[in-house]
Amino acid sequence: MTATLLSYDDVLAQFDPALGLEVHVELNTATKMFCGCPTVFGAEPNTQTCPTCLGLPGSMPVVNAKAVESAIRIGLALNCQIAEWCRFARKNYFYPDMPKNFQTSQYDEPIAFDGYTEVEVDGELYRVGIERAHMEEDTGKSTHIGTTGRIHGADYSLVDYNRAGIPLIEIVTKPVLGTGAKAPEVARAYVAQLRELLLGLGVSDVRMEQGSLRCDVNLSLAPKGADRLGIRTETKNVNSLRSVERATRYEMQRHAAVLAEGGKVLQETRHWHEDTGITTSGREKSDAEDYRYFPEPDLVPVAPSRDWVEQLRAELPEPPHEKRARLQAEWGFSDLEMRDTAGAGALGLVAETIAAGASPQTARKWWLGELARRANESEIDLGSLGVAPADVARVQSLVDEGTLNDKLARQVFDGLLDGEGTPDEIVAARGLAIVSDEGALSAAVDHAIAAHPDVADKIRDGKVAAAGALIGAVMKEMRGQADANRVRELILEKLG
Amino acid sequence: MPETSEHAGGPASDHPTISRDEVAHLADLARIDLSEAELDHLAPQLNVILESIASIQGVASADVPPTSHPLPLTNVYRDDVERPGLTAAEALSGAPEEEQQRFKVPRILGYDQ
Ligand SMILES: [Zn+2]
């Protein structure tokens with residue numbers, strides 16, 4: 001089922017992409033959207049339910065005030081209008097992941113609408129319009145039992161309703177045009193920024209790997225210069241930042257191959273496969289899909305007072321974009337340094353390391369150098385590495401005091417990653433401190449000079465640059481535990 | 001966006017009827033065990049309800065907005081505070097079948113989420 005792809009350059013020569021992103025965010029409220037059931041991730045199956053979220057007869061939903069507040073704050077942070085009056089609606093469908101046979105959502109009256117956010121890619125700003133952000137509830141979790149483990153060919157399914165009813169906000173962009181070759185990166189940057197924004201608002205855990213932030217990528221291509229949109233596909237399960245970029249690029253190349261041969265793109269949902277990096281065909285989708293929406297009679301309309309909205313607006317945290325500009329100025333980072341730091345998801349870590357006493361440049365150096373390398377090796381996020389910003393600041397202060405050099409500092413990070421304790425404990429236990437015993441150092445320098453008479457002669461002749469070879473030899477004998485500058489001084493004293 | 005369907009019952013007719021067989025079928029779908037006597041009793045009652053709805057639909061015209069809520073109430077909320085719910089055993093007590101502490105449901109066709 002491998003699709004034909006057009007080369008990326010050919011895609012761009014012939015077509016303009018239009019992006020659309022639908023992001024579902026699970027709120028981090030203590031209880032569900034319409035009932036008082038807890039929302040703990042990973043609880044034993046069906047231990048967080050009640051008659052309301054199981055849709056039992058006679059039960060009545062009541063809206064969680066905190067969820068409405070979070071929805072409004074998200075809307076405001078995305079520069080949206082907040083509805084003066086809106087209703088919930090029943091989205092009727094007949095799959096067992098909702099025991100009620102409908103999902104309570106909002107239809108044509110979203111709580112927030114008509115906003116925008118600006119994302120930066122390679123120094124250029126792209127404005128992403130927000131069509132709407134509406135409130136709804138999550139569905140239960142199905143496990144398909146059968147030979148394939150997927151829905152097709154399953155013999156039966158098992159359903160856990162712990163997740164059914166957890167508050168969700170669905171954020172839908174307007175079509176994003178004019179991104180050209182940068183479409184995949186703009187898609188990624190938008191989701192990354194949305195993640196940062198939601199984290200700043202404190203309304204969600206935004207853990208993509210746990211499904212508390214889920215992304216669908218809509219994509220269509222139109223012939224270059226055409227004034228209407230092409231037929232779009234909706235790619236589901238795109239649940240990492242990297243995948244958002246890859247899936248967008250893949251669909252661009254797949255659509256282009258179909259269109260270039262005079263074919264027609266099928267309007268359908270596609271499934272993204274993280275392991276193989278491709279999409280496969282899902283359900284055919286028509287715009288006229290009829291969920292028989294109607295206003296939820298059991299929930300009264302939500303009419304947030306303007307006073308409340310204005311109060312929430314006044315309390316919003318600094319927008320990510322402005323925060324980044326402020327930090328860049330405070331830290332004195334170049335554009336490139338800032339972009340790399342943000343791209344590595346290290347802004348918070350660097351900020352905390354600086355707060356713990358490190359200089360901005362040393363904080364950046366460790367996180368984006370040594371620690372990024374180790375995170376890459378283990379294929380995990382920097383934040384999951386298990387090294388605390390305070391530890392990084394302490395390692396740097398040990399370097400500044402002359403107790404450690406960079407090479408020894410790297411060994412302290414080995415110890416931190418192996419859980420050997422605090423930086424000071426590791427230095428003591430591993431015996432890593434720089435030897436300041438001048439006698440031992442002087443002896444090591446004498447050994448090096450004796451072992452490399454030719455190099456020593458060059459230095460005596462004034463070729464100071466040759467000292468590097470002797471410094472290396474001394475550091476080797478001292479097992480790295482020497483201050484290289486002091487070694488250089490000693491060599492030049494002895495041979496000067 | 002699909003056109004919302006506020007009148008989910010379809011076009012009104014002057015003589016809506018629901019047969020005894022249809023009531024039996026609905027009861028079966030809803031897992032409600034109805035006796036023969038109850039079917040005899042309920043089918044005519046449901047017909048009365050359908051007739052009442054039909055007469056209301058006859059009055060409604062395009063310039064009358066559909067009523068979703070009879071009372072002018074807004075903003076009824078609860079605090080984000082946990083309330084005791086059901087144990088897994090209680091939750092599953094109404095399930096026709098269960099396995100691994102989960103509701104066991106038949107194979108789902110054409111469902112891809
Ligand atoms: Zn519940």
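In what follows, chains carry the letters A, B, and so on, assigned in the order in which the sequence lines appear, proteins first and then strands, with residues in each chain numbered from 1. The shown structure was predicted, so the numbers you read here are calculated from the model rather than taken from an experiment.
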Okay, B:Thr74 and chain A: the region with an atom under 4.5 Å from a heavy atom over there is both
Under 4.5 Å to a heavy atom of chain A? For B:Val76 that would be both
Worksheet entry | Neighbour count above 12 (heavy atom, 6.0 Å) for B:Arg83 CZ | no
Is it the case that more than 12 heavy atoms not belonging to A:Lys141 sit under 6.0 Å from its NZ atom? no
If one checks every heavy atom of A:Pro99 against chain B at 4.5 Å, the contacting part turns out to be neither
Q) Under 3.5 Å, is there a donor-acceptor pair between the side chain of B:His69 and the main chain of A:Glu296? A) yes
### Query
More than 12 non-hydrogen atoms from neighbouring residues, nucleotides or ligands closer than 6.0 Å to CZ on B:Arg31, yes or no?
no
Ranking A:Gly140, A:Ala303, A:Cys50 by heavy-atom pairs under 4.5 Å to chain B gives rank one to A:Ala303
Hits for side chain to side chain donor-acceptor pair (under 3.5 Å) against A:Glu136, two or more places apart or cross-chain, chain-then-number order -> A:His24, A:Ser105, A:His134
Ordered numerically, the heavy-atom neighbours of chain A under 4.5 Å found in residues 90-102 of chain B are B:Ala91, B:Leu92, B:Glu99, B:Gln100, B:Gln101, B:Arg102
Note: vs chain B, highest number of non-hydrogen pairs under 4.5 angstrom among A:Ala67, A:Pro301, A:Cys37, A:Ser305 is A:Pro301
By side chain to side chain donor-acceptor pair (under 3.5 Å), B:Glu22 pairs with (sequence neighbours left out) B:Ser19
| query | Do the non-hydrogen side-chain atoms of A:Leu158 and B:Phe103 ever get within less than 4.5 Å of each other? | reply | no
Heavy-atom nearest pair, A:Val62 first then B:Tyr77, reads CG1-C, 3.9 Å
Given B:Leu71, B:Val105, B:Asp79, the one with more heavy-atom pairs under 4.5 angstrom with chain A than any other is B:Val105
Rounding to 0.5 Å, atoms CG (B:Leu86) and SG (A:Cys53) come to a distance of 7.5 Å
Here the gap from B:Ser68 atom OG to A:Asp298 atom CG, rounded to the nearest 0.5 Å, amounts to 11.5 Å
Listed by number, the residues in residues 28-36 of chain A that come under 4.5 Å of chain B (heavy atom to heavy atom) are A:Thr29, A:Ala30, A:Thr31, A:Lys32, A:Met33, A:Phe34, A:Cys35, A:Gly36
Interface check, chain A: of B:Pro106, B:Ala88, B:Pro70, most non-hydrogen pairs under 4.5 Å belong to B:Ala88
Stepwise side chain to side chain contact (heavy atoms under 4.5 Å, CB included) test for A:Val302 and B:Asn75: CA-CA 5 Å; A:Val302 171; B:Asn75 299 328; 4.3 Å; yes
